[in-house]
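Contents: one structure, followed by commentary.
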Amino acid sequence: MRFTLSWLKEHLETTASLDKISEKLTSLGLVVDKIENKTEMLAPFTICEIVEAEKHPNADRLKVCRVNTGKEILQVVCGASNARSGLRTVLAHPGDIIPSTKQVLKVGKVRDVESFGMMCSAQELLLGETSEGIIEVDSKAPLGESYAKWLGLDDIFIEIEISPNRGDCLGVYGIARDLAATGIGKLKPFKEERPRISFPCPLIPRVDPEACPHFTGKVIRGVKNGPSPLWLQKKLEAIGLRPISALVDITNFFAYDRARPLHVFDGDKIQGNLHVSLSRGGETFKALDGKVYTLTEDMIVIRDASGVISLAGVMGGESTSCDETTQTVFLEAAFFDPICIAMTGRILGILSDSRYRFERGIDPASTLRGLEAATQMILDICGGEASDVVVAGKEPDLRGSITFSPSRIQSLGGTEVSSQRAQDILINLGFEIKEKRETWDVLPPTWRFNVEHEADLVEEILRVEGYDKIPSTPYRERPQQKPLTPFQQRRFTIRDRLANRGLIEVMTWSFVSKEHAQLFGGGEENLVLLSPLSQDLNTMRPSLVPHLLKGVLYNQNRGAESVSIFEIGPQYSAPTPQGQSLMATGLRAGTFHTDHWSEKKRLVDIYDIKADVFQILEGLSPQWDRTAPSWYHPGRSAALKLGSQVLGYFGELHPRILKNFDVKGPVVAFEIFIDRIPLPKRKTTLKSKLTLSPYQAVERDFAFVVERDVPADNLIKAAMKVDPSLIENIILFDVFERGENKKSLGIRVRFQPKDRTLTDEEIQILSQKIISSIAQSTGGVLRQ
Amino acid sequence: MDKMGELKSQVLTELEQVATLQELEDLRVQTLGKKGRVTLLMKELAKKTPEERKVMGVELNALKEALITALEVRKNQLEEESLTIRLGSETLDVSLPPRPFVPGKIHPLSHVMDQAIYIFGQMGFVVGEGPDIEEDFYNFTALNIPPEHPARQEQDTFYLPPMEEQPLVLRTHTSPVQIRTMLKEKPPLRIIAPGRVYRSEYDATHTPMFHQIEGLVVDKQTHMGHLKGCLEEFCRLFFEDPDLKLRFRPGYFPFTEPSAEVDIMWKNGAWLEILGCGMVHPNVLRNCNIDPEIYQGFAFGMGLERIAMLKYGIEDLRLFFESDLRWLTHYGFATEARE
């Protein structure tokens with residue numbers, strides 16, 4: 001909401017400084033966004049008249065002008081096409097700072113002709129966007145006068161934010177009313193207008209009650225609609241509204257002054273009588289903005305014999321709009337249902353000042369008052385004579401009485417406000433206190449019908465009193481438990497483990513393109529956004545891999561040869577809480593590290609990513625199989641399982657996927673379902689007992705030749721099962737291909753007896769058992 | 001007698017000329033070995049009378065001891081010298097880069113989440129959760145935002161195809177976690193809920209996905225003074241400024257009443273809006289089957305990107321989600337940087 005200080009002071013009698021007013025506005029909840037004081041910036045620029053404009057001798061597009069400043073005649077070179085003799089415009093003098101460039105103007109020569117000033121465009125003075133020509137000032141404007149002062153721009157411009165519940169402050173009067181309640185000044189009552197009635201209203205609109213509870217109107221005939229008077233034009237211009245014509249400007253004035261939208265129809269263009277009703281679906285309507293809208297059902301419309309001529313409370317129609325030829329006016333003031341207006345505006349995408357006010361709720365009591373005041377102003381400005389008022393329905397009373405315990409100010413608001421002070425505040429804000437005992441019976445003013453609860457009244461009292469009056473009370477409850485359950489803690493633990501493995505955490509969008517979703521097993525219609533920002537981000541992601549791959553590409557394009565990133569975040573398989581899975585997903589791409597003097601650079605492989613996975617799954621021994629999804633290399637990937645539950649996948653990404661994303665390989669990846677990792681079963685903080693054996697451990701090395709497709713894991717398991725209590729660990733220290741279809745696996749078995757030293761004979765027996773167990777399980781043969 | 005004196009001075013002289021450990025060893029053998037000069041003198045003892053033997057024996061032993069010590073000293077000396085020479089030849093360039101291990105980094109938002117959880121955890125809050133894809137009911141209606149409410153207009157909502165007539169949205173704020181928590185658990189409640197939220201906006205200062213942290217307290221006595229105290233403490237701890245100034249001013253949220261917006265006084269002397277809060281609206285409590293005549297409490301919500309940008313001086317919001325390694329390495333955190 002925009003207004004000027006002088007406009008505010010038309011309603012508020014106050015001696016308070018601008019700073020004080022600004023501070024009060026913010027503390028009332030009408031937060032000040034911007035205060036602009038253009039006075040100083042625009043002070044030097046004065047009104048001048050071009051006496052003579054001749055073509056520049058050396059340039060076709062320039063003119064040499066003789067300019068009357070009011071004191072002297074100066075020579076000024078000007079390039080504007082609208083520079084012509086007789087034009088009053090705005091002059092900058094040598095030494096002035098031009099607002100748009102912040103440069104000091106100097107006496108200069110333009111193509112050998114001296115120029116002693118500059119005539120300014122609106123853009124140069126930061127008064128408008130366009131710089132098409134120099135400013136054209138009214139021919140009656142006094143020469144030599146400050147342009148800003150003449151325009152009324154020496155005023156102070158204030159912009160405040162109005163929250164959706166404060167429709168009453170979408171007019172300057174309402175803002176003044178709120179400020180007055182703080183004691184900063186006195187609200188000046190406005191005059192109740194009673195314009196002279198000259199004839200009975202010839203139009204008697206039919207109003208369907210479900211469309212509009214209260215509709216009023218009046219015909220004014222014999223008006224002359226030209227430009228509105230200067231004071232009104234300046235007032236509107238000062239808040240950024242373009243003056244159109246007296247009739248339109250008057251309705252805009254009431255919207256901004258009293259938060260009272262009105263509409264003027266050209267009475268001579270109305271065919272037959274008016275009918276206010278709800279729309280049927282499919283009707284079309286050409287609005288004032290020149291666009292044709294197709295209406296859906298239940299929009300409030302005003303029709304005449306020709307069809308819909310106005311979208312009530314939202315926008316008028318082109319066919320009955322007022323212009324300079326208008327002689328008869330039908331002026332409308334009504335109360336339209338905020339919900340209906342909001343829905344209409346939203347469906348059709350029309351944002352007008354009228355809709356903005358109606359959907360936030362206007363004061364039902366302003367309907368008739370606004371109609372009368374606007375009529376009077378039309379008669380004053382445009383002349384003519386007015387009919388009596390036609391009324392349909394009656395003013396709705398939307399208020400409800402509230403039972404209020406003043407003790408709630410303390411118990412909810414946390415601060416003491418005396419009963420007298422609380423009462424004064426409410427009364428100053430326009431509330432009526434009907435009964436005052438233990439609890440009060442409070443009736444809100446007509447313009448605050450959305451005040452419904454005790455809590456609302458506490459807020460009303462506190463915001464006038466100032467939230468800064470509420471003493472800050474330490475809030476500290478003794479924690480009964482850790483903020484994160486062990487289940488919730490895991491994502492953070494996993495994150496730290498992955499970072500400690502050298503992966504960098506990223507955060508990426510939860511949505512991907514539908515094509516990418518489909519590549520990763522998703523893209524079902526129920527996970528596609530109905531109104532996405534772009535086709536790149538229109539489907540809830542079935543996997544974190546696509547965005548991580550895009551991250552790899554982004555960094556490869558910037559020269560990174562080694563990219564290791566991970567994300568902990570959601571993926572979606574269904575639009576339900578259960579369909580959302582928390583994932584730990586990581587990628588390693590390119591080389592394991594960059595060139596280094598100490599180690600040969602190598603490419604990442606699945607064993608790097610497997611190490612990451614086992615860091616996440618610390619302490620678990622999942623089974624694996626080759627059922628990783630399609631985006632993995634079929635021979636270089638695995639699914640990890642506990643029983644039938646899939647914990648996740650790891651492996652090299654499929655070459656086709658890399659090609660699709662334009663990423664240089666190899667890229668290895670893991671995806672772990674964090675919520676499927678079982679929590680440790682133990683209920684106590686005790687760790688299992690550790691016995692440190694005093695006896696010598698013994699190590700034996702073996703090398704076996706097995707078929708190439710025998711998993712090394714099977715060999716180790718076969719050795720281990722010989723005596724799990726005696727075998728402390730088995731290290732696979734050597735793997736190499738041997739011949740076409742064989743490979744050699746070297747293992748080191750470490751025996752750790754707990755109660756004696758092993759004899760050579762015992763070791764010999766154990767070794768034999770290992771050899772035969774491996775032969776039996778894997779067909780492995782000891783290599784001699 | 002003289003013989004012994006001579007031998008001693010001769011050996012000591014030779015000892016000084018010895019240059020290597022091998023020469024020293026040779027000298028030792030020549031002196032104290034089986035055929036060494038001292039051994040030979042020992043053997044001569046046998047030819048002497050018992051009296052002579054007694055005197056000479058003592059002297060001879062003393063000579064032997066003295067030479068052993070002298071040899072030992074020289075040996076240490078030589079060893080020291082040779083070590084010095086070896087060390088001199090073994091110098092490494094310690095300025096070479098260490099073996100490559102680059103620890104990863106934690107995303108700044110994730111780090112901010114840690115801190116928020118820690119600070120609120122100390123005040124007795126626990127972490128609550130809710131899904132990103134929400135039913136319209138939880139995201140709007142239960143929060144006192146009926147379908148026609150202007151507040152719905154202000155939040156550009158992403159919609160998904162409805163399920164069983166119920167419109168589905170990507171949650172526009174973390175506030176639906178309030179509803180889920182209140183419907184599931186009984187007061188007293190003290191939760192925070194950090195998480196992803198979505199709005200259909202994309203420009204220099206808005207991304208279609210960002211993060212919020214929600215707070216909710218419901219009990220019988222918590223009032224606005226506590227709300228101020230709680231948020232003041234959080235902001236001062238989070239921004240590591242015990243004198244940080246906060247400004248509470250009236251605001252509007254459909255799900256709180258009274259409502260407040262909170263500004264902090266930034267270093268440049270300007271007030272910066274950082275969060276919205278208020279006392280839980282009686283309609284919201286009622287929607288969650290909690291009697292507003294008995295229970296009350298506060299709620300707040302703030303943007304994690306916003307407070308991260310302020311605290312760490314991060315300028316471009318969009319880079320939070322770009323996976324740019326240069327940015328992540330610069331603005332990210334080591335794991336041990338956590339509290």
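Reminder, nothing fancy here: chain letters follow the sequence lines and each chain counts from 1.
- Only the backbone of Pro474(A) comes within contact range of chain B, with heavy atoms under 4.5 Å apart.
- Heavy atoms closer than 4.5 Å to chain B are found in both the backbone and the side chain of Pro575(A).
- Only the side chain of Asn555(A) comes within less than 4.5 Å of a heavy atom in chain B; its backbone stays farther off.
- Of the two parts of Leu462(A), only the side chain, counted from C-beta on, holds a non-hydrogen atom closer than 4.5 Å to a non-hydrogen atom of chain B.
- For the residue pair Arg171(B) and Pro176(B), the shortest heavy atom distance occurs at CB-CG, 4.1 Å.
- Of the atoms belonging to Trp509(A), heavy atoms from both backbone and side chain fall under 4.5 Å from chain B.
- Cation-pi geometry between Arg360(A) and Tyr356(A) is met: under 6.0 angstrom from the ring centre, within 45 degrees of the axis.
- For Tyr138(B), there are no ring pair (Phe, Tyr, Trp, His ring centres under 6.0 Å) partners, not counting sequence neighbours.
- The part of Tyr572(A) that comes within reach of chain B is its side chain, from C-beta onward, which places non-hydrogen atoms under 4.5 angstrom from that chain.
- Contacts between Leu527(A) and chain B at a heavy-atom distance below 4.5 Å involve backbone atoms as well as side-chain atoms.
- For Thr415(A), no part lies under 4.5 angstrom from a heavy atom of chain B.
- In this structure, chain B has a heavy atom under 4.5 Å from the side chain of Arg408(A), while its backbone stays farther away.
- Of the two parts of Lys482(A), only the backbone, made up of N, CA, C and O, holds a non-hydrogen atom closer than 4.5 Å to a non-hydrogen atom of chain B.
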Can you give me every donor-acceptor pair (side chain of residues 560-569 of chain A, partner residue at least two apart or in another chain, under 3.5 Å) with its distance?
from      : atom 1 : to        : atom 2 : distance (Å)
Glu561(A) : OE1    : Lys601(A) : NZ     : 3.1
Ser562(A) : OG     : Thr591(A) : O      : 2.9
Ser564(A) : OG     : Arg588(A) : NH1    : 3.2
Glu567(A) : OE1    : Thr508(A) : OG1    : 2.5
Glu567(A) : OE1    : Arg541(A) : NH1    : 3.4
Glu567(A) : OE2    : Thr508(A) : N      : 2.9
Glu567(A) : OE2    : Thr508(A) : OG1    : 3.4
Glu567(A) : OE2    : Arg541(A) : NH2    : 3.4
Glu567(A) : OE2    : Arg196(B) : NH2    : 2.7

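- Interface summary for chain B: among Pro338(A), Gly579(A), Ser531(A), the most heavy-atom pairs under 4.5 angstrom belong to Ser531(A).
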Inset, instruction - Kindly determine whether Phe120(B) and Phe300(B) satisfy ring pair (Phe, Tyr, Trp, His ring centres under 6.0 Å), including the steps that lead there. - result: CA-CA 12 Å; Phe120(B) 284 119; Phe300(B) 60 83; 5.2 Å; yes
